[in-house]
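Quick notes on the structure that follows.
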Amino acid sequence: MNNFTLSSSFAKICISLFSFLFAASALTHDDFLHCLSTHVSNSTSTHEPIFYTPNDSLYSSVLNSSIRNSRLSSPSIPKPSVIITPFHVSHVQAIVYCSKKHGMQIRIRSGGHDSEGLSYVSYFKLPGYAVIDLRNLNSVNVDVESKSAWVQAGATLGELYYWIAEKSGNLGFPAGDCHTVGVGGQIGGGGYGYLSRKYGLAADNILDAKLIDAEGRIQDRKSMGEDLFWAIRGGGAASFGIILEWKVRLVPVPSTVTVFDVSRNMENDATKRFVHWWQRRASKVDENLTIFLTFKTAASSNNDTKIGVEVGVRGTFHGGVDKLLELMEKEFPELGLQRRDCSEMRWVESFLFLNQFRSGESLDVLLDRTSYFDFLPRKVKCDFMKEPIPDDALETILGKLFEEDVGRAVISVFPYGGKMNEISESAIPFPHRAGVLYMVYYTLRWEDQEEERHVSWLRRFYNDLTPYASKNPRATYVNSRDLDLGTNNLNEGGTTNITQASIWGTKYFKNNFYKLIYVKTKVDPTNFFTYEQSIPPLLTHSKSH
Ligand SMILES: Cc1cc2nc3c(=O)[nH]c(=O)nc-3n(C[C@H](O)[C@H](O)[C@H](O)COP(=O)(O)OP(=O)(O)OC[C@H]3O[C@@H](n4cnc5c(N)ncnc54)[C@H](O)[C@@H]3O)c2cc1C
Ligand SMILES: *[C@@H]1O[C@H](CO)[C@@H](O)[C@H](O)[C@H]1NC(C)=O
Ligand SMILES: *[C@@H]1O[C@H](CO)[C@@H](O)[C@H](O)[C@H]1NC(C)=O
Ligand SMILES: *[C@@H]1O[C@H](CO)[C@@H](O)[C@H](O)[C@H]1NC(C)=O
Ligand SMILES: *[C@@H]1O[C@H](CO)[C@@H](O)[C@H](O)[C@H]1NC(C)=O
Ligand SMILES: *[C@@H]1O[C@H](CO)[C@@H](O)[C@H](O)[C@H]1NC(C)=O
Ligand SMILES: *[C@@H]1O[C@H](CO)[C@@H](O)[C@H](O)[C@H]1NC(C)=O
């Protein structure tokens, strides 16, 4: 037999295998959709369709509706074969039932801010997958008397803050400041914000939850049990179930808070001294005061030449301006904060200020999911620092922001301490607690098409920071998801290898990773809820049949 016949018969086998797979996948897809239409009751008052396939004219805009990072909407990125937008909890149950029955893998999307897009992108080598987009399940029910609220997973933080403020000016919730982020994803991974030094993470303030488990059952805290309730608060809920609602504990906030947002030039000696002192002190000051820093290059007003490093200093204080100025003079005199830099406002208004909306903008923008600063392609990485970066090293690091390949880099720095120190590493899966001085986010955006060049720069930069970052493991935050850390095996729908998964798993969760595996094995042994960085179950024999 010559090579030609060998390869041509091989090709034939491949072609028939391919058509078999193709037919099977088309069948799966059609059967799945058929199953959905028969199991989703038509009792909703709206006439909007519940699912969209690539043939539907609205498919792209529904898919794009919560993608804020255009790296993840480019044509080369995998797209779902169907997007489902349930209006009712029973619809979500039907989706789980039908996807199990017809072998359709799912992704769960709330706010869509995942930094690798894993709520709507699947890199698994499968013929298709479905996205469950929870945007219509976004009600918020605030109970002032019990200082709690039930918030559906598809609500944004802006919606949560808005509806809390509608009911009370003296209640708040400690979560992130970006109003378009979803509560489904953020609380499932932790949720750090301006109130965290005082009250901990969003996930530290969850009283109850409702989810749909791998069997399609609705569970609450009592019925799911404490192990599963532990896992979904910071372990990345998408490995365990579909969160429908969180019951959140509301925390007291004063009638007015004081905020400021100033910038300084890093060339200035007083600024340098402020930054060095901030590293040592920001995690130890009064927990009513939280000061975030951002570092980025400033460009000349005539051309794009980078002329220096600008330090943004943004703070909130739970108290009045007089008290704040007194405290700043004592703690951070080098900043020279002035009364004219400060504004007193309601707690909820501080989110408009911190998101840089015009002053006087209506609170309604908190309900607007489309208002967002930009859609540039981006990639993020994150570190936890336990030691201050020495002065000369910091200068070298900031010098790298002037390198050719950068694009637009922003280094954002968030102080820990306070309540974050008091919560044990294993209280919930989020383990970054006592000993952390601050968390650093490296956000890189670019305006050209040269993704590889910029992302390579970010990888080198991250590598150069190794000596100053946490060690054994070099810890990071699951809510700044990074596929560079590794993934489950992309073949066969994401086969898992615990040794391999522990490389990234221990970076996100430290030793809590092993308890997460235990919970996963107990509640989802056949790995129905799977994605590139989902928690793997220990092998059981139930998978084979
Ligand atoms: C501009 C910006 C600002 C940010 N600011 C902060 C901040 O201040 N503090 C902070 O802690 N983080 C912050 N983050 C990170 C953010 O918290 C995470 O990206 C978070 O996971 C986003 O949640 P989401 O619902 O919007 O995302 P999605 O992309 O919808 O989901 C993220 C992950 O959670 C899963 N998931 C979503 N909904 C559910 C559900 N209902 N049930 C089970 N699993 C679900 C998804 O499958 C995916 O794995 C920020 C991110 C961005 C882009
Ligand atoms: C919903 O409506 C569609 C079309 O109107 C119909 O084919 C389907 O059977 C209905 N499903 C249920 C569960 O009533
Ligand atoms: C989408 O449209 C194409 C071409 O019009 C058709 O062949 C295909 O069957 C359609 N797919 C679905 C899922 O409707
Ligand atoms: C989705 O977003 C991408 C990139 O931002 C854009 O190119 C595309 O046109 C958008 N599609 C729709 C339907 O808005
Ligand atoms: C924070 O503010 C509250 C309310 O004004 C006050 O009771 C508390 O003492 C302050 N915390 C610290 C550490 O000063
Ligand atoms: C950019 O503008 C600055 C003045 O702000 C000037 O000194 C510099 O030479 C200009 N650079 C280029 C490349 O034109
Ligand atoms: C699991 O991953 C480890 C580390 O990458 C590798 O050494 C090992 O061979 C893998 N095991 C299996 C069964 O694939």
Side-chain angles (χ1 to χ4, degrees), residues 66-69 72 92 106-122 131-135 137 152-157 174-198 201-203 209-212 232 234-246 252-254 257 284-289 292 317-320 323 327 351 354-355 369 372-374 378 380 382 412 414 418-419 430 439 441 443 477-481 486 488-489 495-503 529 531-534 536 539:
S66 67
I67 305 182
R68 297 288 175 269
N69 176 351
L72 302 170
V92 188
I106 57 160
R107 295 297 161 118
I108 312 158
R109 183 163 82 168
S110 288
H113 284 57
D114 191 277
S115 47
E116 298 283 11
L118 300 188
S119 53
Y120 53 92
V121 179
S122 168
V131 167
I132 308 177
D133 186 311
L134 298 172
R135 62 194 191 153
L137 298 177
Q152 283 189 305
T156 60
L157 292 175
D177 53 304
C178 175
H179 71 291
T180 54
V181 167
V183 302
Q186 179 161 93
I187 300 179
Y192 181 89
Y194 281 95
L195 279 175
S196 295
R197 299 193 63 246
K198 194 163 177 178
L201 303 169
K210 291 199 182 116
L211 60 72
I212 293 194
I232 57 175
S239 297
F240 302 96
I242 304 170
I243 305 294
L244 299 168
E245 295 187 67
W246 301 107
V253 296
V257 301
K284 302 191 176 64
V285 294
D286 182 339
E287 68 248 19
N288 292 310
L289 174 65
F292 290 0
F317 178 65
H318 280 226
K323 202 86 193 285
L327 188 62
F351 293 97
L354 299 166
N355 282 297
R369 290 163 181 246
Y372 198 70
F373 46 98
D374 74 54
R378 69 192 60 201
V380 301
C382 168
S412 315
F414 309 101
K419 183 76 177 176
F430 181 98
M439 173 169 80
Y441 256 75
T443 306
Y477 177 26
V478 69
N479 269 352
S480 75
R481 191 188 305 289
N488 291 322
N489 186 344
T495 42
T496 51
N497 169 334
I498 300 222
T499 317
Q500 214 176 321
S502 67
I503 298 169
F529 293 110
Y531 60 99
E532 290 75 0
Q533 289 185 340
S534 60
L539 268 186

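Computed from heavy atoms alone, side chains included, the values below leave out hydrogens, waters and symmetry copies. Note that the structure is a prediction, hence the values are computed from the model and not measured. Indexing begins at 1, ligand by ligand and atom by atom, following the structure's order.
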Original post:
Which residue from Leu354, Val181, Asn355 reaches closest to atom 4 (C) of ligand 1 through any of its heavy atoms?
Top reply: Val181

Subject >> ligand 1 atoms in contact with Gly182 (distance to a heavy atom under 4.0 Å) >> reply: 23 (O), 24 (P), 25 (O), 26 (O)

Original post:
Among the heavy atoms of Leu118, does any lie under 4.0 Å from an atom of ligand 1?
Top reply: no

**OP:** Record the part of Arg68 in heavy-atom contact with ligand 1 below 4.0 Å; permitted values are side chain, backbone, both and neither.
**Re:** neither

Original post:
For atom 3 (C) of ligand 1, which of Ser196, Cys178, Gly236 has the closest heavy atom?
Top reply: Cys178

Original post:
For ligand 1, does Phe240 get within less than 4.0 Å through its side chain, its backbone, both, or neither, judged by non-hydrogen atoms?
Top reply: neither

Subject >> Exam field: side chain Asp177 to backbone Phe351, donor-acceptor pair closer than 3.5 Å >> reply: no

**OP:** Would you mind telling me if ligand 1 is within reach of the side chain of Asp177, the backbone, both or neither, using heavy atoms under 4.0 Å?
**Re:** both

Original post:
Which is closest to atom 45 (C) of ligand 1 in terms of heavy atoms, Ile108, Val121, Val380?
Top reply: Ile108

Subject >> Passing candidate, side-chain hydrogen bond (donor to acceptor under 3.5 Å, both in side chains) with Asn288, options His318, Lys198, Arg197 >> reply: Lys198

**OP:** Report yes if Thr499 has an N/O atom closer than 3.5 Å to an N/O atom of ligand 7; otherwise report no.
**Re:** no

**OP:** Compute the minimum heavy-atom distance from Ala175 to ligand 1 and say whether it is under 4.0 Å.
**Re:** no

**OP:** Would you mind checking which non-hydrogen protein atom is closest to atom 8 (C) of ligand 5, with the distance to 0.1 Å?
**Re:** Asn288 ND2, 3.8 Å

Original post:
Is there any N or O on Asp286 that sits under 3.5 Å from an N or O of ligand 5?
Top reply: yes

Original post:
If you measure from each heavy atom of Arg109 to ligand 1, is any distance below 4.0 Å?
Top reply: yes

Original post:
Nearest 0.5 Å, what's the CD-OG distance between Glu532 and Ser122?
Top reply: 5.0 Å

**OP:** Would you please determine whether Phe414 falls within less than 4.0 Å of ligand 1 on a heavy-atom basis?
**Re:** no

**OP:** Taking Trp246 for its side chain and Ala153 for its backbone only, find out whether a donor-acceptor pair lies under 3.5 Å.
**Re:** no

Original post:
Can you tell which part of Asp114 has a heavy atom less than 4.0 Å from ligand 1: side chain, backbone, both or neither?
Top reply: both

**OP:** Please round to the nearest 0.5 Å and tell me the distance separating atom CD1 of Ile187 and atom CD1 of Ile243.
**Re:** 9.5 Å

Original post:
Heavy atom under 4.0 Å from ligand 1: found in Ser110's side chain, backbone, both, or neither?
Top reply: both

**OP:** State, yes or no, whether a side-chain contact exists between Asn488 and Gln533 at a heavy-atom distance under 4.5 Å.
**Re:** no

Original post:
Among all protein non-hydrogen atoms, which one is nearest to atom 5 (O) of ligand 5, and what is the separation to 0.1 Å?
Top reply: His318 O, 4.5 Å

Subject >> Minimum-distance protein heavy atom relative to atom 13 (C) of ligand 7 >> reply: Asn497 ND2, 4.4 Å

Original post:
Ala237 to ligand 1: N or O pair under 3.5 Å?
Top reply: no

**OP:** Select the closest option to atom 34 (O) of ligand 1 among Gly190, Gly185, Ala155, judged by heavy-atom distance.
**Re:** Gly185

Original post:
Does the gap between the ring centers of Tyr477 and Phe430 come in under 6.0 Å?
Top reply: yes

